[in-house]
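Numbering starts at 1 and runs along the sequence shown. This is a predicted model, so every value here is computed, not measured. Values below: all heavy atoms of this structure, side chains included; hydrogens, waters and symmetry mates excluded. Whatever order the structure lists ligands and atoms in, that order sets their numbers, starting from 1.
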Amino acid sequence: MNYVEAAVSPLRKTGQIKLHGKEAFERMRKAGRLTAECLDMLVGEVKPGVSTAHINQLVQDFALDHKAIPATVMYRGYRHATCTSVNHVVCHGIPNEKPLREGDMVNVDVTLIVDGWHGDSSRMYPVGEIPRRAERLIEVTYEAMMLGIAAIAPGKTTGDIGAAIQPFVEAQHMSVVRDFCGHGLGRLFHDEPNIVHIGTPGEGAVLKPGMFFTVEPMINLGRPHVKVLADGWTAVTRDRSLSAQFEHTVGVTETGVEIFTTSPKGYDKPPYNV
Ligand code: MF3
Ligand code: CO
Ligand code: CO
């Protein structure tokens, strides 16, 4: 894999991994923090009777109030400020008017562009009381993401991230989705490298200080297989088992890793206790 100093690279996907400097870290902290504050704002709003379209509207309003742009609007034909993935929806759920019901769980995925830089993060929101197996899936998924992030340091590889996630998840008799992965980002939404959430230690691209990417494992209670519905976006589990996801945006530092999208309010994972 080739690397390029981001400050002098063209603003497009070049097939090289961009390495960012100090100012870029400052920008990503800003974008990441606002994205996390947006997800914090949703705590207390996600409850029985509320629609995912309403959640989307709250995110859209928050973004505009804070001079940020939701990156998904007009992205490859997508038209909404969030993806809202309910129950067996794996990712890219399209907000709609159907009210959420007690016992549902929903992933809300928000990407905000702040001064040209992308913060990309998602969390799970329980709708009222949820079944124990849904709670367990959410706990395992959050832990899986954090184990993946803990494997990040200069000299490690992208394969080390997946290798930290997969055995942990499979030991709980759950499965890691293969069809979607994390991604480099910065001034671009989706860039090199791909971050696959399964893997072999030492394989893939070597991690270097200044790399920015997401870790965003999707974990299923059943089999890993997904299918995309006729709308061209909504990905669901083939076996209709529940699926959960968390996502953080991170940067590789000289000594390890920095998470840009940590919740200022401590609402990184449920229960949010409000
Ligand atoms: N936010 C998603 C991600 O984590 C991407 C959504 S693209 C969309 O990469 F078009 F579906 F919104
Ligand atoms: Co992402
Ligand atoms: Co996202």
Side-chain angles (χ1 to χ4, degrees), residues 13 17-18 28 31-40 42 52-53 55-57 59-60 62-63 68-86 89-96 106-114 117-125 141-142 144-146 148-149 152 158 161-162 165 176-197 211-219 226-236 243-251 257 259-263 268-269:
K13 224 170 164 175
I17 297 178
K18 298 183 178 72
M28 289 300 279
R33 189 184 319 118
L34 193 69
T35 304
E37 284 168 357
C38 182
L39 293 174
D40 283 355
L42 294 177
T52 50
I55 294 167
N56 185 76
Q57 189 64 50
V59 169
Q60 169 90 34
F62 180 96
I69 300 167
T72 52
V73 177
M74 308 310 281
Y75 181 79
R76 294 170 183 257
Y78 197 79
R79 311 192 143 272
H80 306 271
T82 59
C83 296
T84 50
S85 302
V86 180
V89 178
V90 173
C91 65
H92 302 166
I94 300 172
N96 63 39
V106 56
N107 174 278
V108 183
D109 190 337
V110 173
T111 310
L112 295 184
I113 311 175
V114 181
W117 295 78
H118 291 74
D120 187 6
S121 186
S122 81
R123 298 181 201 155
M124 296 303 299
Y125 296 83
T141 305
Y142 180 78
M145 174 184 67
M146 295 310 280
I149 293 172
I152 299 168
T158 54
I161 299 170
I165 292 173
V176 181
V177 170
R178 274 71 162 160
D179 304 64
F180 301 96
C181 48
H183 49 91
L185 80 176
R187 290 190 298 159
L188 295 184
F189 188 0
H190 290 113
D191 203 350
E192 307 297 340
N194 281 336
I195 304 296
V196 184
H197 303 104
M211 283 172 64
F212 298 155
F213 54 83
T214 69
V215 179
E216 50 178 302
M218 284 138 273
I219 308 301
V226 313
K227 68 174 180 202
V228 176
L229 300 186
D231 60 28
W233 286 105
T234 313
V236 300
S243 184
Q245 180 179 27
F246 284 88
E247 175 176 26
H248 269 319
T249 296
V250 308
V257 62
I259 303 176
F260 296 125
T261 43
T262 300
S263 164
D268 287 298
K269 61 160 176 170

Quick check: Asp120 and ligand 1, any N/O pair under 3.5 Å apart?
yes
May I ask you to list the atoms of ligand 1 that are less than 4.0 angstrom from any heavy atom of Thr111?
1 (N)
Is any protein N, O or S atom closer than 2.8 Å to the Co ion (ligand 3), and if so, which?
Asp109 OD1, Asp109 OD2, Asp120 OD1, Glu247 OE1
Quick check on Lys13: does its NZ atom have over 12 non-hydrogen neighbours (other residues, nucleotides or ligands) under 6.0 Å away?
yes
Protein contact of atom 11 (F) of ligand 1 - nearest heavy atom, named by residue and atom, plus distance
Trp233 CZ3, 3.3 Å
Yes or no on side chain to side chain contact (heavy atoms under 4.5 Å, CB included) for Ile259 and Met146, after CA distance, side-chain angles and deciding distance?
CA-CA 10 Å; Ile259 303 176; Met146 295 310 280; 3.8 Å; yes
Here's a test for you: under ring-ring contact (aromatic ring centres under 6.0 Å, His included), which of Phe189, Phe260, Phe213 qualifies with His118?
Phe189
For the residue pair Cys83 and Trp233, establish whether any side-chain heavy-atom pair is separated by less than 4.5 Å.
no
As a test of understanding, state which of Thr35, Thr82, Asn107, Thr84 forms a side-chain hydrogen bond (donor to acceptor under 3.5 Å, both in side chains) with Ser122.
Asn107
When you compare ligand 1 with Glu216, is there at least one nitrogen or oxygen pair between them that comes in under 3.5 angstrom?
yes
Any atom of ligand 1 sitting under 4.0 Å from a heavy atom of Arg76?
no
In this structure, atom 7 (S) of ligand 1 is nearest to the protein heavy atom Tyr75 CD2, 3.9 Å
Check whether any N, O or S atom of His190 sits under 2.8 Å from the Co ion (ligand 2).
no
Verdict with supporting geometry, Asp179 and Val228, side chain to side chain contact (heavy atoms under 4.5 Å, CB included):
CA-CA 10 Å; Asp179 304 64; Val228 176; over 6 Å; no
Of the side chain and backbone of Cys91, name the one, both, or neither that has a heavy atom under 4.0 Å from an atom of ligand 1.
neither
Is the ring pair His190/Tyr75 parallel, tilted or perpendicular, if the boundaries are 30 and 60 degrees?
tilted
Any chance you could lay out the salt bridge (charged side-chain N to carboxylate O under 4.0 Å, His left out) test for Asp40 and Arg33, step after step, and finish with the verdict?
CA-CA 10 Å; Asp40 283 355; Arg33 189 184 319 118; over 6 Å; no
So, for Ala81 and Asn56, which heavy atoms are closest and what is the spacing to 0.1 Å?
N-OD1, 2.9 Å
Just checking, any donor-acceptor pair under 3.5 angstrom between side chains of Glu216 and His183?
yes
Determine the minimum heavy-atom distance between Ala244 and Thr141, stating which atoms define it.
CB-OG1, 3.5 Å
Got the closest protein heavy atom to atom 2 (C) of ligand 1, with its distance?
Asp109 OD2, 3.4 Å
With a heavy-atom distance limit of 4.0 Å, tell me whether His80 approaches ligand 1 through its side chain, its backbone, both, or neither.
neither
Note: ligand 1 atoms sitting under 4.0 Å from heavy atoms of Glu247 are 4 (O)
Does the side chain of Val226 come within less than 4.5 Å of Phe180's, by heavy atoms?
yes
In terms of side-chain heavy atoms, does Ser263 have a donor or acceptor partner in Asp268 at a distance below 3.5 Å?
no
How far is atom 12 (F) of ligand 1 from its nearest protein heavy atom, and which residue and atom name does that atom have?
Thr72 CG2, 2.9 Å
Please list, in number order, the atoms of ligand 1 under 4.0 Å from a heavy atom of Phe189.
1 (N), 5 (C)
Ligand 1 contacted by His183 (non-hydrogen, < 4.0 Å):
yes
Which of the numbered atoms in ligand 1 are below 4.0 angstrom from a heavy atom of His190?
3 (C), 5 (C), 9 (O)
